Amino acid sequence: MGPFDYVIVGAGTAGCVLANRLSADPDVSVCLLEAGGNDNYIWVHIPVGYLYCMGNPRTDWGFTTQAEAGLNGRALNYPRGRILGGCSSINGMIYMRGQARDYDGWRQRGNAGWGWDDVVPYFLRSEDQAALPIDDLHADGGEWRVERQRLSWDVLDAFREAAAEAGIPKTDDFNRGNNEGCGYFHVNQRTGVRVSAAKAFLKPAMKRPNLTVLTHAQAKRLTLAEGRVSGVDIWHKGANTHVAADGEVVLATGSVGTPQLLELSGIGGGALLQSHGIEVAHDLPGVGENLQDHLQIRCAYKVHGVKTLNEKANSLVGKASIALEYALLRRGPMSMAPSQLGAFVKSDPALETPDLQYHVQPLSLDKFGEPLHDFPALTASVCNLRPESRGSIHISSPDARQQPAIKPNYLSAAADQRVAAQAIRVTRNIVAQPAFAQYRPEEFKPGPDYGDDDEGLARAAGDVGTTIFHPVGTARMGDDAGAVVDSRLRVHGVAGLRVVDASVMPTITSGNTNSPVIMIAEKASDMMRDDRRG
């Protein structure tokens, strides 16, 4: 097939943005490849449908991690979107940019053009802000809709008041460069319906004759000729096919898929590739290294005298009222993002910016995908925003259909263990404040048996910690020996190949990662157009 000027591998968040922006030039031909199918599954669009999308082979790759020593030998499910829109079709819909210091740190590491002042215009380009007034840091009229959530819970309001009593100020805007405070998350929804990257960016562009979108098209390997990528070998609806590229191939397959496809193509650490019988096309040892993720510690409390979703979801009358409220008003629990209330907190007052993020929910369960408990409860998940632990993602087989070995290496750094312990203490302090203490909270995760010493609380974090689905960094940008792409996202040493997804982040952003990926794709589209013009 082809040749095309651009072949984009992966129709997730970044791929949808790129397909829109690049195909806006009628003189350019673009092919977008997606291993999954169309997003015509009802649970993609109903916000609570993430419960039915994660772990579902129709929408999720179904990855799992290796057993993790820092999690006391546990392995985790590792959802990644396998559908038009990618993770934006199954994620928590939270609109979050991160902190100014995140991006200034990228620039400080030698990545010119990636500081906070550089990237804010790209956030604004696509933003359609309906939750806050328009000013120099918020814009409307873009594709990426941002709204307030369409529900409220007294138990969450009480947690917010307790946080204020604990010295955490209230805020209504987490996206001004320093996200300290406690407030309700704003979400990528339109009147209670999910807005994915496919819906926002791809669907409007699909009518263009110069854009070809192939679903059920899984990449097997990149093809190279004389040091330049010339196309992609794929399985398309069961048949072997080659898609040729005259200009560039762009990997937008995420922090799991991108290092896997690079290594399958002979681009990566030479010894690893040879151990799998893959000929080394370009020795690039940083591929698959530098994995970072946010580990959430799920602190849960039984409560008394206040309603939570647990009891409502466990009764037939409650379920019927939930369904009716959504059907008539697009409100209520079916419009819920997985987390409604957020907080950004310093684990140490000496820090310049918050290093902890809370996702607070009026519910509890033993683990994701299992039924809610039959007693009233609240979960206050807290994660270390800037973990020092580093993991890896590498192929486990030369067969692209075999999942790679995912090793996040959670809590391997002593500093992360200390922050985890302090995070539990901060949570206990919030729920002990008068505004929340009125509900007589009883901690049952991790539980009072763990005590208050660092060692015990770090072990507790290993028992209850789980991914919050923010893997980044496995093809990081930079100009040192461990970097995979340069500051224009071109793969070092390989012509005609770029990476545009969360894997290029040198360090993880301080918050949810979906909207930063949109920003990366917006900026990349400008760089690609500039490079094409010479």
Side-chain angles (χ1 to χ4, degrees), residues 47-48 50-51 54 71 74 76-77 79 91-94 149 151-163 166 168 182-185 187 294-314 318 322 333 336-345 356-385 420 423-433 435-437 439-450 457 460-470 511-512:
V48 78
Y50 70 90
L51 290 168
M54 292 185 181
L71 302 185
R74 293 184 299 127
L76 301 178
N77 293 331
N91 72 355
M93 298 162 282
I94 293 171
Q149 297 182 69
L151 76 168
S152 63
W153 293 89
D154 290 343
V155 71
L156 297 183
D157 293 339
F159 189 95
R160 191 183 189 201
E161 293 296 333
I168 303 164
C182 184
Y184 283 89
F185 290 124
V187 291
H294 288 144
L295 180 75
Q296 60 173 334
I297 303 167
R298 295 181 60 82
C299 301
Y301 296 82
K302 293 181 181 180
V303 293
H304 305 271
V306 65
K307 293 181 180 179
T308 71
L309 184 58
N310 284 11
E311 55 270 32
K312 196 167 188 178
N314 279 307
I322 288 171
M336 283 172 57
S339 301
Q340 298 79 53
L341 185 73
F344 289 83
V345 185
L356 299 178
Q357 179 183 7
Y358 280 88
H359 292 76
V360 190
Q361 306 142 350
L363 54 86
S364 66
L365 68 171
D366 286 329
K367 64 179 181 179
F368 184 83
E370 295 196 357
L372 301 185
H373 293 135
D374 59 2
F375 48 79
L378 172 136
T379 300
S381 291
V382 56
C383 71
N384 179 356
L385 289 169
I424 296 172
R425 294 189 188 101
V426 171
T427 310
R428 289 173 171 174
N429 182 52
I430 293 172
V431 300
Q433 299 301 316
F436 202 81
Y439 299 131
R440 294 179 284 126
E442 301 173 38
E443 179 185 318
F444 66 95
K445 282 185 181 293
D449 292 345
Y450 286 100
L457 291 178
D463 283 341
V464 302
T466 187
T467 177
I468 204 163
F469 320 124
H470 298 162
N512 309 75

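The figures that follow rest on heavy atoms only: side chains count, while hydrogens, waters and symmetry mates do not. Source: prediction; values computed, not measured. Position 1 is the first residue of the sequence, and the numbers go up from there.
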When rounded to the nearest 0.5 Å, the distance separating CG of Leu341 from SG of Cys182 is 4.0 Å
By side chain to side chain donor-acceptor pair (under 3.5 Å), Tyr450 pairs with (sequence neighbours left out) Asp463
To the nearest 0.5 Å, tell me how far Leu457 CG sits from Arg425 CZ.
5.0 Å
Nearest atoms (heavy-atom pairs only) where Ala420 meets Ala461:
CB-CB, 3.8 Å
Pairing residues for Gln361 by the side chain to side chain donor-acceptor pair (under 3.5 Å) criterion, not counting sequence neighbours:
Ser339
Close side-chain approach of Val360 and Tyr184, heavy atoms under 4.5 Å
no
As an exercise, state the distance from CG of Asn384 to CD1 of Ile297, rounded to the nearest 0.5 Å.
8.0 Å
Test applied, side-chain hydrogen bond (donor to acceptor under 3.5 Å, both in side chains); reference residue, Ser364; option that passes from Thr379, Asn310, Thr308
Asn310
Least distance between heavy atoms, Gly511 atom then Gln357 atom:
CA-OE1, 3.4 Å
Considering non-hydrogen atoms only, spot the tightest contact between Gly305 and Tyr439 and give its length.
O-CE2, 3.9 Å
Check Pro446 against Val464 and note the closest heavy-atom contact, atom names and distance.
CA-CG1, 4.1 Å
Between the CG atom in Asn512 and the CE atom in Met93, the distance rounded to the nearest 0.5 Å is 11.5 Å
Could you check whether any side-chain heavy atom of Leu295 comes within less than 4.5 Å of a side-chain heavy atom of Leu71, counting everything from C-beta outward?
yes
Decide yes or no for Gln340 and Pro362: does some side-chain heavy atom of the first lie under 4.5 Å from some side-chain heavy atom of the second?
yes
Which residues pass the side chain to side chain donor-acceptor pair (under 3.5 Å) test with Gln149, not counting sequence neighbours?
none
Minimum heavy-atom separation for Ile168 to Val345, with atom names?
CD1-CG2, 3.6 Å
Closer than 3.5 angstrom, by distance alone: can the side chain of Arg74 be matched with the main-chain N or O of Gly462 as a donor-acceptor pair?
yes
Between the side chains of Thr427 and Tyr358, is a donor N or O closer than 3.5 angstrom to an acceptor N or O?
yes
Side-chain heavy atoms of Leu309 within contact of Met336, under 4.5 Å:
yes
Can you find a pair of side-chain heavy atoms, one from Trp153 and one from Leu378, that are under 4.5 Å apart?
no
To the nearest 0.5 Å, tell me how far Ser381 OG sits from Lys445 NZ.
11.0 Å
One pair to check against side chain to side chain contact (heavy atoms under 4.5 Å, CB included): Leu385 and His294. What are the steps and the verdict?
CA-CA 6 Å; Leu385 289 169; His294 288 144; 4.2 Å; yes
Return the minimal non-hydrogen interatomic distance between Val306 and Asp154, and the atom names on each side.
CG2-CB, 4.1 Å
Donor-acceptor contact present, side-chain Glu161 to main-chain Asp157, <3.5 Å:
no
Would you please classify the geometry between the His373 ring and the Phe375 ring as parallel, tilted or perpendicular, with 30° and 60° separating the classes?
parallel
Distance from Leu363 atom CG to Glu311 atom CD, nearest 0.5 Å?
10.5 Å
